[in-house]
There are 2 protein chains.
Amino acid sequence: MALRHAVLAALLDEELSGYQVTKAFAAGVANFWHALPQQVYAELAKLEKEGMVAGREVVQEGRPNKRLFRVTGEGLAELEGFASTAAKPAFLREDLLVQVQAADHLDTGVLIGRLTERYAFAEAKAALFEEQLLRMRGDLDEAEFLLRGARVGPYLTCRRGRDFERANRDWCRDVMEVLRARQTAGGEV
Amino acid sequence: MALRHAVLAALLDEELSGYQVTKAFAAGVANFWHALPQQVYAELAKLEKEGMVAGREVVQEGRPNKRLFRVTGEGLAELEGFASTAAKPAFLREDLLVQVQAADHLDTGVLIGRLTERYAFAEAKAALFEEQLLRMRGDLDEAEFLLRGARVGPYLTCRRGRDFERANRDWCRDVMEVLRARQTAGGEV
DNA sequence: ACTGACTAGTCACTTTCTTGACTATGAGGA
DNA sequence: TCCTCATAGTCAAGAAAGTGACTAGTCAGT
């Protein structure tokens, strides 16, 4: 039941529409969680019913009206409660890891294909996070921003996202190297 | 539907009982996936019905009998199919990230508590993975093992698990440093 | 004699996540 | 004019994952 808390956390700093929250989750502001539009809207509806968020209709011209949500006092209390109970650590859960686990029994060429894809994805994602970090800290250098910046929470989670994807990228590179070296060595013998 | 493939991958190198697979998943051989006993047994039953794994009863003395499973040709084909379709990249999905995202609105002391817990957990997990790696490569040095060792798949995924937990540990440390520095700086102003 | 831990496994239930489709409106380009 | 994309959101159904409780025997320690 952490999706609700992720939604609350996303709404803390700004008033957003469901659509905007969705975007945030899709893009990678969801460096800290991931969810589809349907889940986001459903969760927002539940949160509103429970009084954790308050929505207000905004009439727009030239595009559909929207509802902006903000976190209420109760919502903040809920988040505080969540933060004060132990967080369960996440596990790595990647299809690619399962595939590499079976590497010795599968075709190396196919696997290298998967690794190449994941490498490119990780690289792109890391670059995206890096951009976000730059935007967030503006013209301050990182140390200064972390000490005196207004909101460091999103910055810190974004940094974790960046480093995670960098680690994925490096791991893909290393695994490909090993697989290629073994192919060559296998030929030698 | 990757649990089934994770189970298949776990059974590739050795014939295991459901209980042993469970252990593997619980401990951290599940560096690449995580599942509870109930899920493992249910998946094994399904896989057997579909002919992906074959079980055989082993009568034991002094302890309950068990059923050992091995992957069949069909099971291997299923894994090959899985490896040849694109792997969907995983996202970070940690309670603690959600909590840190909201850091600017929550009590720093409470958060540092969570971070300390996660730090210790990550440290312990990383050490465990490191031990496993040592066991797997025996007296060979890493480069030699990766080039000539019999089975490198599990080694490579375990290395990813270790590095993941190290990254978690380092991130926790950095976040705590930032939060503490800001508390002090806040007091100054 | 009792307690707790380990082996080996199962049932029932709930929550969460994912898939796929569908409603509208307006803007910009071929 | 038609097509596609972006905004803004909803419904229904199903697969996957997680929770809690429970059986039953063995072994080591207190």
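Basis for what follows: all heavy atoms, side chains included, without hydrogens, waters or symmetry-related copies. Throughout, protein chains are lettered first and strands after them, A, B, ... in sequence-line order, and every chain is numbered starting at 1.
OP1 or OP2 of D:dG18 sits under 4.0 Å from a side-chain N or O of A:R93. Regarding contacts with the backbone of C:dG9, a side-chain N or O of B:Y41 is found under 4.0 angstrom from either OP1 or OP2. In this model, the phosphate group of D:dG9 is not approached by any side-chain N or O of A:Y19 to a distance below 4.0 Å at OP1 or OP2. Remark: B:K23 is not in phosphate contact with C:dC6, judged by side-chain N or O atoms under 4.0 Å from OP1 or OP2.
For A:Q39 and B:S17, each mapped to the nucleotide of DNA chain C holding its nearest heavy atom, the one lying further toward the 5' end belongs to B:S17.
Think of A:L68 as one node in a network of Ile, Leu, Val, Met, Phe, Trp and Tyr side chains linked at under 4.5 Å; its network also takes in A:V58. Under the 4.5 angstrom side-chain criterion for Ile, Leu, Val, Met, Phe, Trp and Tyr, the cluster partners of B:Y19 are B:Y41.
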I'd like a table of atom pairs between the protein and nucleotides 19-23 of chain C - only N or O on both sides, under 3.5 Å - with the distance next to each one.
from, atom 1, to, atom 2, distance (Å)
C:dT19, OP1, B:K88, NZ, 3.2
C:dT19, O4, A:Q38, NE2, 3.1
C:dG20, O6, A:Q38, NE2, 2.5

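Checked against D:dA8, C:dC17, C:dG9, the side chain of A:W33 finds its nearest nucleotide in C:dC17.
Checked against side-chain hydrogen bond (donor to acceptor under 3.5 Å, both in side chains), A:E117 has the following partners two or more places apart in sequence or in another chain: A:R114. Applying the side-chain hydrogen bond (donor to acceptor under 3.5 Å, both in side chains) rule to B:D95 yields no partners; only residues at least two apart in sequence or on another chain are considered. When the salt bridge (charged side-chain N to carboxylate O under 4.0 Å, His left out) test is applied to B:R151, the partners found at least two apart in sequence or on another chain are B:D13.
Salt bridge status for B:R173 with B:D170: present, with a side-chain N to carboxylate O gap under 4.0 Å.
In this structure, A:K66 places its NZ atom 8 Å from P of D:dG9, rounding to the nearest Å. Rounded to whole Å, atom P of D:dT10 lies 12 Å from atom CG of A:N65. Between the CG atom of A:L16 and the P atom of D:dT7 there is a distance of 14 Å, given to the nearest Å. Rounding to whole angstrom units, NE2 of residue A:H34 and C1' of C:dT16 are separated by 14 Å. The nearest whole Å value for the distance from the CZ atom in B:F25 to the P atom in D:dG18 is 11 Å. A straight line from CG of A:L3 to C1' of D:dG18 spans 16 Å, rounded to a whole angstrom. Here D:dA8 presents its P atom at 7 Å from CD of A:Q20, a figure rounded to the nearest Å. Rounding to whole angstrom units, CD of residue B:Q60 and C1' of C:dA8 are separated by 9 Å.
Remark: side-chain polar atoms of B:Q99 are paired, donor with acceptor, to backbone N or O of A:F82 under 3.5 angstrom.
For the helix from C:dA1-D:dT30 to C:dA30-D:dT1, the end axes, each set by the C1' atoms of five terminal pairs, are bent relative to each other by 30° (nearest 10°).
The ring-ring contact (aromatic ring centres under 6.0 Å, His included) analysis of residues 133-157 of chain A, with sequence neighbours excluded, yields the pairs A:F145-A:Y155.
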I'd like a table of donor-acceptor pairs (distance under 3.5 Å, sequence neighbours excluded) in which one partner is a side-chain atom from residues 46-54 of chain A, with atom names and distances.
from, atom 1, to, atom 2, distance (Å)
A:E48, OE1, A:R67, NH1, 3.2
A:E48, OE2, A:R67, NH2, 3.0
A:E50, OE1, A:R4, NH2, 2.7
A:E50, OE2, A:R4, NH2, 3.4

